*Asks:* 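The structure under discussion is supplied below as structure tokens; questions concerning it will follow.
Quick note: residue numbers are just sequence positions, from 1. Given the structure is predicted, the values throughout are model-derived calculations rather than measurements.
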Amino acid sequence: MSDRIGIFGGTFSPFHMGHLNSLLTVAGELELDQVRVIPAYQSPNRPRLEGPNPEERLALVRLGVSSYSPLLVADDREVQRGGVSYTLDTVQDLRSEFKTENLFLIIGADQFENFDHWKAFTEILQEVDLVVTTRPGFEWPEGLESFPPGLRGLVKKNDGKVIELATSKKIYFVKLNDIDVSGSELRRRLRSGESLDGLVPEGVDEMIRERGWFEDLHKKVENYLELTQEMGRILNEKNAINVVGFDLGETHFPAQFTLVASGSNTRQTNAIAEHLMNQVHQTYGFWPQNIEGQSEGRWVVLDYGALIVHIFYDYARAEYKIEDLWADAGRVVIHDPHAAFRKPGDKPGPRS
Ligand code: ATP
């Protein structure tokens with residue numbers, strides 16, 4: 001009989017006990033011969049954040065699974081391939097390498113929620129069985145009604161635990177003894193110097209700290225005032241509305257500087273944020289260490305350590321009035337490359 005092979009992809013920034021718990025439980029329940037743990041070079045639809053590069057994330061996975069060889073194997077194919085890592089390419093690659101029909105793609109409940117937005121999800125489900133595990137904070141899909149809409153039409157038979165699909169593959173559901181840990185929480189802890197005790201496999205914490213991979217960005221930026229001014233200039237250049245910079249003083253350390261700007265609709269808000277991140281990366285070589293609100297585009301927050309950038313949909317900005325919080329703070333002078341062309345009385349804002 002051909003081998004039963006699990007596939008577990010992700011960013012793994014960093015690899016943690018939630019991942020290990022899922023892998024080992026699923027491998028046991030579905031009697032897998034091995035599980036390939038595959039860090040993405042760049043996950044689709046995931047923002048780029050400051051932190052270890054793909055090779056470094058692979059090193060963390062290698063270390064994290066090293067005590068479980070030969071069951072768990074760190075797999076470098078997506079890192080080697082480069083570019084955006086699409087699961088269908090990976091699955092097809094594995095199929096031709098292992099010559100097996102028995103491939104199991106393991107994902108958490110958070111990923112299942114939007115599985116019908118994955119590129120070529122129907123084709124993926126022609127190649128693999130899907131294994132969905134519980135994950136703290138995410139809904140457990142009890143009935144067909146809580147399935148992602150795009151998947152419902154593929155369901156042929158449902159006995160509660162195993163779903164048969166029209167593609168002749170199956171979906172299995174596995175309940176874990178949940179571990180409430182996520183990459184984002186670990187990154188936050190690392191930046192603020194908190195312990196990762198019990199949350200990552202042995203050695204992972206030491207490797208991260210030795211290499212300084214998740215240090216707070218303020219350690220890398222020489223002059224935050226200059227960075228605030230430069231980002232303000234980029235925002236104006238991109239026609240953001242009403243770009244304002246605040247210097248809250250050193251008592252607000254580490255978040256001393258703030259920029260506020262807006263876009264005239266949610267799409268423009270996201271486009272402005274995207275442009276700003278790319279320009280900053282090009283000039284300074286770093287990405288924000290955290291991003292919030294990008295999926296909705298009403299209030300996008302980019303965390304650059306001592307500088308926090310708020311980009312609003314202009315209507316939401318008027319609603320939240322967060323600038324009132326800093327009414328007494330110092331202002332940062334921001335250059336507006338369009339100002340010279342504006343007539344007196346014109347409002348700053350998008351130009352046609
Ligand atoms: P982030 O906070 O950066 O999104 P993450 O750990 O959720 O971190 P990935 O490393 O991309 O992100 O996750 C890889 C896979 O592991 C996904 O399928 C995800 O659902 C699953 N996973 C992550 N954490 C857990 C957990 N605590 N329990 C079960 N599955 C998990």
Side-chain angles (χ1 to χ4, degrees), residues 11 13 41-54 82-84 187 191 213-248 254-314 316-317 322-323 331-342 347-352:
T11 316
S13 187
Y41 184 83
Q42 169 65 48
S43 295
N45 308 320
R46 283 271 196 140
R48 283 135 307 181
L49 294 179
E50 202 43 25
N53 67 31
V84 179
R187 294 193 293 275
R191 287 197 300 271
W213 280 334
F214 293 94
E215 277 185 346
D216 197 281
L217 201 49
H218 77 258
K219 296 196 175 148
K220 290 192 192 165
V221 179
E222 274 167 32
N223 186 336
Y224 261 106
L225 175 61
E226 203 182 283
L227 180 68
T228 308
Q229 287 175 318
E230 175 58 8
M231 286 210 211
R233 190 195 62 76
I234 296 169
L235 287 166
N236 273 327
E237 192 181 61
K238 185 73 183 161
N239 292 321
I241 303 169
N242 197 10
V243 180
V244 188
F246 297 98
D247 179 348
L248 310 180
Q256 182 181 349
F257 294 94
T258 304
L259 274 170
V260 186
S262 31
S264 51
N265 55 49
T266 53
R267 249 182 69 178
Q268 202 208 1
T269 302
N270 270 330
I272 292 171
E274 198 63 33
H275 176 80
L276 181 66
M277 288 188 278
N278 286 329
Q279 290 290 303
V280 169
H281 183 253
Q282 231 173 54
T283 313
Y284 297 95
F286 49 74
W287 297 106
Q289 56 190 21
N290 197 27
I291 303 176
E292 281 168 28
Q294 212 182 11
S295 55
E296 284 194 33
R298 282 175 59 80
W299 182 357
V300 182
V301 184
L302 309 179
D303 177 351
Y304 280 96
L307 167 61
I308 309 291
V309 186
H310 301 264
I311 307 173
F312 285 93
Y313 160 39
D314 203 42
R317 178 177 183 173
I322 60 159
E323 285 142 283
R331 290 292 189 102
V332 176
V333 178
I334 308 281
H335 175 64
D336 180 355
H338 299 309
F341 304 103
R342 223 170 260 134
K347 276 176 119 185
R351 295 146 61 80
S352 49

*Asks:* For Ile334 and Gly232, work out which heavy atoms get closest and say how close.
*Replies:* CG2-C, 3.4 Å
*Asks:* Enter the distance from Thr283:OG1 to Ile234:CD1 here, rounded to the nearest 0.5 Å.
*Replies:*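 Nearest 0.5 Å value for the OG1-CD1 distance: 5.5 Å.
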*Asks:* Which value, rounded to the nearest 0.5 Å, describes the distance between Gln229 atom CD and Leu259 atom CG?
*Replies:* 9.5 Å
*Asks:* To check you understand the geometry: which heavy-atom pair defines the closest contact between Ala261 and Leu235, and what is its length?
*Replies:* CB-CD1, 4.1 Å
*Asks:* Charged N to carboxylate O below 4.0 Å: is that the case for Glu323 and Arg317?
*Replies:*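 Salt bridge flag = yes for Arg317 with Glu323.
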*Asks:* Using the test ring pair (Phe, Tyr, Trp, His ring centres under 6.0 Å), find all partners of Trp213 that sit at least two apart in sequence or belong to another chain.
*Replies:* none
*Asks:* Quick check against the 3.5 Å criterion: does Gln289 have a side-chain atom that pairs as donor or acceptor with the backbone of Tyr304?
*Replies:* no
*Asks:* For His335, what residues pass the ring pair (Phe, Tyr, Trp, His ring centres under 6.0 Å) criterion, not counting sequence neighbours?
*Replies:* none
*Asks:* Tell me if the CZ atom of Arg48 is crowded by more than 12 foreign heavy atoms within 6.0 Å.
*Replies:*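 Counting other residues, nucleotides and ligands, CZ of Arg48 exceeds 12 neighbours.
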*Asks:* Identify the heavy atoms of Arg191 and Asn290 that sit nearest to each other, and give their distance.
*Replies:* NH2-CB, 4.2 Å
*Asks:* Identify the two heavy atoms, one from Ile291 and one from Pro47, that lie closest to each other, and give their separation to 0.1 Å.
*Replies:* CD1-CB, 3.3 Å
*Asks:* Phe312: which residues meet the ring pair (Phe, Tyr, Trp, His ring centres under 6.0 Å) condition with it, sequence neighbours left out?
*Replies:*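 Testing Phe312 for ring pair (Phe, Tyr, Trp, His ring centres under 6.0 Å), a comparison that skips the adjacent residues, returns Trp299.
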*Asks:* With rounding to the nearest 0.5 angstrom, report the CG to CG distance, Asn239 to Asp336.
*Replies:*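 Asn239 atom CG to Asp336 atom CG measures 8.5 Å (nearest 0.5 Å).
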*Asks:* Check Tyr224, Phe257, Phe246 against Val332 for a side chain to side chain contact (heavy atoms under 4.5 Å, CB included) and give me the one that passes.
*Replies:* Phe257
*Asks:* Any non-hydrogen side-chain atom of Leu276 less than 4.5 Å from a side-chain atom of Met231?
*Replies:*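 Yes, side chains in contact.
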*Asks:* Can you give me the closest heavy-atom contact between Ala273 and Val300, atom names plus distance?
*Replies:*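 In terms of heavy atoms, the two residues are closest at CB-CG1, 4.0 Å.
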*Asks:* Ignoring hydrogens and geometry, is there a side-chain-to-backbone donor-acceptor pair from Asn242 to Ser262 under 3.5 Å?
*Replies:*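 Judged by distance alone, no pair lies under 3.5 Å.
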*Asks:* Donor-acceptor check, side chain of Gln42 to backbone of Arg46, threshold 3.5 angstrom: yes or no?
*Replies:* yes
*Asks:* What I'd like to find out is whether the side chain of Lys220 reaches to under 4.5 Å of the side chain of Glu50, using heavy atoms alone.
*Replies:*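 In short, these two side chains touch, coming nearer than 4.5 Å.
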*Asks:* Between CD of Gln294 and CG of Asn270, what distance do you get to the nearest 0.5 Å?
*Replies:* 5.5 Å
*Asks:* To the nearest 0.5 Å, what is the distance between CZ on Arg187 and CG on Asp303?
*Replies:* 11.0 Å
*Asks:* Please evaluate residues Glu296 and Thr266 with respect to the criterion side-chain contact (heavy atoms from CB on, under 4.5 Å), reporting the C-alpha separation (whole Å), side-chain torsions for both, the decisive distance (0.1 Å), and the verdict.
*Replies:* CA-CA 7 Å; Glu296 284 194 33; Thr266 53; over 6 Å; no
*Asks:* Evaluate side-chain contact (heavy atoms from CB on, under 4.5 Å) for Leu49 paired with Phe286, printing each intermediate quantity in order.
*Replies:* CA-CA 8 Å; Leu49 294 179; Phe286 49 74; over 6 Å; no
*Asks:* What's the separation between atom CD1 in Ile322 and atom NE2 in His310, rounded to the nearest 0.5 Å?
*Replies:*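 Between atom CD1 of Ile322 and atom NE2 of His310 there are 4.0 Å.
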*Asks:* Can you give me the closest heavy-atom contact between Ile308 and Ala255, atom names plus distance?
*Replies:* CG1-CB, 4.0 Å
